[in-house]
Amino acid sequence: MATGTNIRTYFEGRWHDGDIPVMKAADHGTWLGSSVFDGARYVDGIIPDLDRHCARVNASAEALMVTPTVSVDDMQAIVWEGLKAYPKDAAIYIRPMYWALDGGHLAVLPKPDATGFAICLEEVPMPPPGTTTTLCRTRFRRPVLEDAVVNAKAGCLYPNNARMLKEARDRGFGNALVADALGNVAETATANVFAVKDGEVFTPIANGTFLAGITRARHIDNMRRNGMTVHETVMSFEDFKTADEVFLSGNLTKVTPVSAFEDTPYQPGPVAERVREMYWDWAFSDAR
């Protein structure tokens with residue numbers, strides 16, 4: 001799945017130029033979907049929260065009963081080694097991945113310690129200033145732990161995201177605002193979501209139906225440290241229709257203002273811009 005250009009791949013102990021093959025037809029991950037991944041961002045010489053992204057891919061593997069084989073420290077060192085081939089001002093998407101190689105009981109249960117590992121680096125530009133998106137509703141919902149591996153960043157969850165995006169794009173929107181099993185707002189098809197009302201910030205509480213992201217947590221911490229009021233709470237679609245601002249939070253773009261939800265328009269507001277500024281202020285100060 002190439003999303004960018006100038007790809008490098010770490011596989012079987014060394015870096016390779018290009019998007020090389022890493023999975024075989026009989027790999028458990030190929031035909032039974034036991035793949036997990038994570039995503040970090042290299043921008044202007046820094047990788048915010050790289051340790052957390054590496055730790056999360058290991059935790060995701062364990063949630064799918066796949067044995068992680070690379071420590072957080074070693075994974076970070078591999079990433080930094082691979083990035084030496086890129087200029088410092090490049091914008092790189094960093095994707096570590098695990099998948100099971102062999103099946104155990106009835107071929108379905110992943111066999112312990114039979115694990116594939118790779119890291120993919122791709123040049124993916126940061127969105128230009130002023131980039132916004134639009135949201136609509138979707139009939140597809142976020143599952144619960146009893147239905148799906150929502151406690152992992154697992155590849156098998158993403159076909160449902162694709163259905164949400166297809167429905168949104170067919171209606172002329174950029175993304176979908178998604179409900180959980182109870183009908184409350186969870187997030188969007190690809191990112192966590194925030195709403196602003198009367199100067200206070202609201203975001204759906206992490207209830208186990210969606211991945212409460214690393215960047216989401218960083219934004220919440222930054223806002224609270226800077227005296228802003230942030231509520232993690234149950235939210236309805238009406239809460240978003242009556243909001244003053246809405247913005248998305250995700251690793252790929254960090255902050256994306258929303259210009260409309262269905263027929264409700266918004267102006268990209270000062271809170272989203274402030275959250276973006278605080279994020280990069282933190283990122284560059286933390287790197288020093």
Side-chain angles (χ1 to χ4, degrees), residues 1 3-4 7-24 27-30 32-43 45-86 88 90-104 109-122 124 149-158 206 211-218 221 250-252 282-288:
M1 185 200 74
T3 60
I7 296 172
R8 303 196 76 213
T9 308
Y10 180 86
F11 183 59
E12 296 184 335
R14 66 186 183 91
W15 281 103
H16 308 260
D17 292 329
D19 184 17
I20 69 165
V22 297
M23 298 177 76
K24 300 186 292 293
D27 280 0
H28 189 281
T30 302
L32 288 178
S34 58
S35 65
V36 298
F37 72 99
D38 217 285
R41 266 296 209 173
Y42 174 85
V43 179
I46 64 170
I47 314 174
D49 283 323
L50 177 61
D51 57 341
R52 295 189 179 192
H53 288 286
C54 294
R56 190 171 66 180
V57 76
N58 281 356
S60 292
E62 291 174 346
L64 260 70
M65 297 168 286
V66 175
T67 306
T69 56
V70 183
S71 72
V72 170
D73 287 344
D74 287 348
M75 201 179 304
Q76 291 184 92
I78 293 167
V79 168
W80 281 111
E81 179 66 27
L83 287 168
K84 290 180 180 178
Y86 295 90
K88 184 179 179 180
I92 308 297
Y93 185 61
I94 303 160
R95 188 169 60 248
M97 299 168 281
Y98 286 112
W99 63 95
L101 297 173
D102 302 323
L109 185 67
K111 184 177 288 186
D113 302 317
T115 306
F117 175 73
I119 300 175
C120 184
L121 304 180
E122 305 179 41
V124 180
V149 285
V150 290
N151 57 334
K153 196 169 176 67
C156 59
L157 296 173
Y158 279 76
L211 200 65
I214 291 168
T215 306
R216 171 188 180 273
R218 183 62 63 190
D221 183 63
N251 175 64
L252 194 64
W282 161 80
F284 283 100
S285 63
D286 187 68
R288 287 194 286 270

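Everything numeric here is computed off the predicted structure, so don't read it as measured data. The first residue of the sequence shown is numbered 1, and numbering continues consecutively from there. For the numbers below, each heavy atom of this structure counts, side chains included, while hydrogens, waters and symmetry mates do not.
Contact of the Cys120 side chain with the Ile7 side chain is registered, since non-hydrogen atoms from C-beta on lie closer than 4.5 Å. Inter-residue side-chain proximity for Val149 and Cys156 is flagged as met; some heavy-atom pair is nearer than 4.5 Å. Looking at Met97 and Tyr10, their side chains never come closer than 4.5 Å, going by heavy atoms from C-beta outward.
Taking Asp49 as the reference, Arg52, Arg218 meet the salt bridge (charged side-chain N to carboxylate O under 4.0 Å, His left out) condition, with sequence neighbours excluded. In this structure, the side chain to side chain donor-acceptor pair (under 3.5 Å) partners of Ser71, at least two apart in sequence or on a different chain, are Asp74. Listed by chain and residue number, Phe117 satisfy the ring pair (Phe, Tyr, Trp, His ring centres under 6.0 Å) test with Tyr98 (two or more places apart in sequence, or in another chain). For Trp80, the ring pair (Phe, Tyr, Trp, His ring centres under 6.0 Å) criterion is met by no residue, not counting sequence neighbours. Scanning for side chain to side chain contact (heavy atoms under 4.5 Å, CB included) contacts around Ala212 gives Ala206, Phe210, Arg216, with sequence neighbours left out. With sequence neighbours excluded, the residues satisfying ring pair (Phe, Tyr, Trp, His ring centres under 6.0 Å) with Tyr158 are Phe37. Residues satisfying the side chain to side chain contact (heavy atoms under 4.5 Å, CB included) criterion with Leu211, sequence neighbours excluded, are Arg56, Lys153. Taking Ser35 as the reference, nothing meets the side chain to side chain donor-acceptor pair (under 3.5 Å) condition, with sequence neighbours excluded. Shown here are the side chain to side chain donor-acceptor pair (under 3.5 Å) partners of Lys84, two or more places apart in sequence or in another chain: Glu81. Listed by chain and number, the residues in a side chain to side chain contact (heavy atoms under 4.5 Å, CB included) with Ala217 amount to none (sequence neighbours excluded). Asp102 pairs by the side chain to side chain donor-acceptor pair (under 3.5 Å) definition with nothing, not counting sequence neighbours. Judged as a side chain to side chain contact (heavy atoms under 4.5 Å, CB included), and not counting sequence neighbours, the contacts of Ala91 are Arg41, Met126.
For the pair Trp99 (side chain) and Val66 (backbone), a donor-acceptor distance under 3.5 Å is absent. When atom types are taken as modelled, the side chain of Asn58 and the backbone of Val70 share a donor-acceptor pair closer than 3.5 angstrom. When atom types are taken as modelled, the side chain of Thr9 and the backbone of Gly18 share a donor-acceptor pair closer than 3.5 angstrom.
Here SG of Cys54 is found 8.0 Å from CD1 of Ile94. Values are rounded to the nearest 0.5 Å. Note that CG of Asp19 and CD of Glu122 are 7.0 Å apart. Values are rounded to the nearest 0.5 Å. The distance from atom CG of Leu83 to atom CZ of Arg8, rounded to the nearest 0.5 Å, is 9.0 Å. Note that CG of Leu64 and CD of Glu62 are 11.0 Å apart. Values are rounded to the nearest 0.5 Å. Remark: Ile214 CD1 to His53 NE2 distance equals 4.0 Å, nearest 0.5 Å. With rounding to the nearest 0.5 angstrom, the CG atom of Leu121 is 10.5 Å from the OH atom of Tyr42.
Residues Ala40 and Ile47 come closest through the heavy atom pair CB-CG2, 3.9 Å. Of all the heavy atoms in Leu109 and His28, the pair that sits closest is C-NE2, 4.1 Å. Summarising the geometry of Ala118 relative to Val22, their closest heavy-atom pair is CB-CG1, 4.4 Å, with the distance given to 0.1 Å. When all heavy atoms are compared, the tightest approach of Ile92 to Tyr86 is CD1-CD2, 3.4 Å. Scanning all heavy atoms of the two residues, the minimum distance from Asp51 to Val72 falls at O-CG1, 3.7 Å. Of all non-hydrogen atoms in Ala63 and Asn151, the two that sit nearest each other are CB-ND2, 3.7 Å.
The only member of Leu101, Thr69, Thr67 that meets side-chain contact (heavy atoms from CB on, under 4.5 Å) when paired with Asp113 is Thr67.
A salt bridge between Arg95 and Asp38 is absent, with no side-chain N of the basic residue lying under 4.0 Å from a carboxylate O of the acidic one.
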